[in-house]
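Computed over heavy atoms, backbone and side chain alike; hydrogens, waters and symmetry mates excluded. Per chain, numbering begins at 1; letters A, B, ... match sequence-line order.
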Protein chains: 2
Amino acid sequence: MSSPQRRTTIKDVAELAGVGVATVSRVLSGGSASAETRERVLDAATKLDYRPSALGRNLRQQRSGGIALLVPDITDNFYARLADGVLSCARSYGEPVTIGVTGDDPEQEADLVGSLLEQSMDRVVAVPSGDGEMWAPALRAGLSVVFADRRVWRAPGQQRVLAEVPAVLADDRAGVRTAVEYLTGLGHRKIGFLARHGQSHRMQAFRDAVGDALDEELVVPARASRDSAYAAAAGLLQRRPDVTAVLTGDNMLGEAAVLAARELDVRIPRDLSLVMFDDVPWAELCAPPLTVVAQPAQDIGYRAAELVMRQGRRPRTVTLPTQLIVRGSCGPRR
Amino acid sequence: MSSPQRRTTIKDVAELAGVGVATVSRVLSGGSASAETRERVLDAATKLDYRPSALGRNLRQQRSGGIALLVPDITDNFYARLADGVLSCARSYGEPVTIGVTGDDPEQEADLVGSLLEQSMDRVVAVPSGDGEMWAPALRAGLSVVFADRRVWRAPGQQRVLAEVPAVLADDRAGVRTAVEYLTGLGHRKIGFLARHGQSHRMQAFRDAVGDALDEELVVPARASRDSAYAAAAGLLQRRPDVTAVLTGDNMLGEAAVLAARELDVRIPRDLSLVMFDDVPWAELCAPPLTVVAQPAQDIGYRAAELVMRQGRRPRTVTLPTQLIVRGSCGPRR
DNA sequence: ACTGCTCATGGAAACGATTCCATCAAAGTT
DNA sequence: AACTTTGATGGAATCGTTTCCATGAGCAGT
């Protein structure tokens with residue numbers, strides 16, 4: 001019936017305004033033009049309801065706009081909030097956001113980076129997994145990357161280029177220290193720490209915080225799945241009934257710890273004190289309400305997105321404060 | 001130092017293989033070619049590590065690949081799982097996913113749809129808010145849309161085009177009915193229902209399920225924010241101390257109900273029975289563990305993405321089953 | 001041997017924007 | 001008056017791919 005709805009292009013606008021396409025382009029992207037021409041062009045554009053096609057622009061400038069975001073798991077409330085921050089910043093720039101989930105797996109991450117290159121996306125906010133070696137070629141290819149929540153494991157021979165990637169992080173070190181001090185203040189001496197592989201920095205911070213009292217057996221790593229988290233938590237509690245307090249590196253491990261304790265009939269906070277990294281909405285609904293180290297997840301995302309948009313200023317690493325929120329999951333050692 | 005790293009193009013491959021660019025394109029996209037040429041081209045492509053630029057392709061085909069996903073709130077666990085489903089399906093097609101959050105606001109949604117058009121994205125999975133009028137022009141512009149979790153409010157004079165949009169839904173009606181039957185089975189007669197504006201279909205299902213016993217004052221709507229949810233929950237409990245059971249239309253309202261009850265010293269399940277729509281991980285950690293109507297969120301996303309990818313078959317609406325999971329938040333009326 | 005057919009192939013057009021460059025007029029400088 | 005400078009302007013090139021179309025080779029049927 002109706003014609004196939006050809007898109008109105010810059011050519012149509014130029015024709016209606018009686019000018020060349022170059023002039024239209026200039027006017028619309030803020031170049032110089034006489035007041036009269038400008039008005040004619042703007043008029044024509046609104047009359048035709050013209051919206052420039054991102055496709056043409058992208059091809060010409062050899063880059064597609066928008067921000068790519070790589071997170072380990074979008075169903076994790078922490079990363080969801082981080083994503084929300086990125087989305088909210090991107091929206092203020094009018095840029096679309098493409099999301100990929102890595103599952104904390106370097107291989108999948110490399111795949112996704114490949115796909116970004118294919119799309120000529122050149123702005124990425126990423127929560128890196130693994131040692132980040134796959135990032136080096138991408139950086140050389142002109143990608144501008146900002147790390148969020150973690151930076152890459154810095155091996156001794158690591159390429160310099162990686163060290164220069166800006167990052168927006170929560171102050172893990174201070175967060176862990178505060179939590180540990182809080183627990184030792186309550187009399188606890190045998191404190192366990194549950195962390196995922198991606199959280200080696202928190203693991204290290206924990207080791208530093210407990211200092212001489214460190215018992216390496218109490219620092220237990222988990223893979224990035226619910227099952228693995230539960231296994232790690234239950235394993236620790238069974239293997240070492242002498243631990244009186246546990247700190248977890250993220251909310252999934254916190255959940256696992258609560259479940260495992262409940263299953264093993266270990267009462268919180270009577271038999272076990274628990275501090276969880278990241279304040280999720282349910283922490284308050286839990287029985288008992290959980291004492292947590294809150295992180296500004298949304299802020300982390302927002303700031304990271306801001307950094308990746310302003311490539312002008314040489315960006316540096318930003319560290320945002322954490323906060324210990326005391327609820328009901330910790331008690332004195334008994 | 002090193003050259004500015006020009007991207008290797010199809011031309012380079014053609015040159016190295018000693019054929020024309022058209023042939024390279026055909027080979028790479030599965031067109032016909034002699035076995036020998038095919039091999040030469042493939043060889044050259046791998047030797048040069050050639051990856052076709054999505055930019056060129058997109059411009060030529062007048063559409064950028066990928067799937068767009070519009071959800072009200074990515075930090076809501078339900079939509080996060082839905083998004084995860086979409087992402088997982090999209091990945092199996094090798095397609096990138098662009099996410100936008102609408103905040104359940106038709107205006108923001110319209111903005112986002114506009115931005116999609118600008119990007120020439122033509123495949124959208126959306127959780128629509130409002131009456132969906134802004135979708136009609138988009139559909140006419142050739143967008144293929146699949147609704148997830150909800151369909152649009154169907155006003156009497158609604159355009160036919162909207163009624164033909166395929167949708168993937170949870171079986172709300174059955175879920176609500178099962179929950180209501182469960183509660184009445186426990187002796188409850190005054191059952192409250194908390195729902196967000198976007199959940200009018202569940203609201204209607206609730207009205208139908210309680211039938212004659214309907215007390216319109218017990219059906220209370222909330223806006224899409226934590227505060228509004230809390231206000232609605234607290235309001236209901238204060239205004240009508242005679243309600244002995246509450247069903248909530250989503251998890252945020254469930255959270256609000258728990259909090260409000262706790263604040264008002266209404267004990268669950270002794271004084272109030274609570275059933276929440278959507279089984280989130282924390283439902284089990286809550287005190288008491290919440291009885292829920294579980295929805296296959298990830299599946300909904302996956303199937304919706306599948307539908308939007310296969311535009312070949314005329315797609316129809318899919319309804320996925322819900323399941324009542326009884327935990328500890330309901331008791332007999334006292 | 002001629003005709004008709006299929007099939008592989010490459011040149012060139014197309015997609016829609018930005019941007020280089022040449023042109024031209026008007027204003028300013030000597 | 002002759003020159004330079006400035007600024008607006010439009011034509012054309014460009015980005016990398018897909019696809020239309022013409023060409024020519026090979027082959028079978030008569």
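When each of A:I10 and B:G18 is assigned the nucleotide of DNA chain C with its nearest heavy atom, B:G18 is the one assigned upstream, toward the 5' end.
Rounding to whole angstrom units, CZ of residue B:R60 and P of C:dA13 are separated by 13 Å. Rounded to whole angstrom, the span from the CZ atom of B:R40 across to the P atom of C:dG10 amounts to 8 Å.
Note on A:G20: only backbone sugar-phosphate atoms sit closer than 4.0 angstrom, heavy atoms only; bases stay farther off. As judged by a 4.0 angstrom heavy-atom cut-off over every strand, A:L55 is placed among residues making no nucleic acid contact. As judged by a 4.0 angstrom heavy-atom cut-off over every strand, A:S25 is placed among the base-contacting residues. At a threshold of 4.0 angstrom between heavy atoms, the contacts of A:S29 with the nucleic acid are absent.
With C:dT9, C:dC15, D:dC15 as the candidates, the nucleotide lying closest to the side chain of A:Q62 is D:dC15. In this structure, the nucleotide among C:dG10, D:dA12, D:dT9 sitting nearest to the side chain of A:A22 is D:dA12. Nearest nucleotide to the side chain of A:S34, out of D:dT9, D:dG16, C:dA8: D:dT9.
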Kindly indicate, with the supporting measurements, whether the criterion salt bridge (Lys or Arg N to Asp or Glu O under 4.0 Å) is fulfilled by A:R150 and A:D104. CA-CA 12 Å; A:R150 335 197 248 245; A:D104 242 334; 2.6 Å; yes
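The phosphate of D:dT18 has OP1 or OP2 within less than 4.0 Å of a side-chain N or O from B:R57. Contact check, A:Y50 against C:dG16: no side-chain N or O comes under 4.0 Å of OP1 or OP2. Remark: A:S53 is not in phosphate contact with C:dA17, judged by side-chain N or O atoms under 4.0 Å from OP1 or OP2.
Counting only heavy atoms from C-beta outward, the side chains of A:L42 and A:R38 approach each other to under 4.5 Å. In this structure, A:S53 and B:E118 have side chains that are not in contact, with every pair of non-hydrogen atoms separated by 4.5 Å or more.
Looking at A:Q108 and B:R91, their side chains do bring a donor and an acceptor atom within 3.5 Å of each other.
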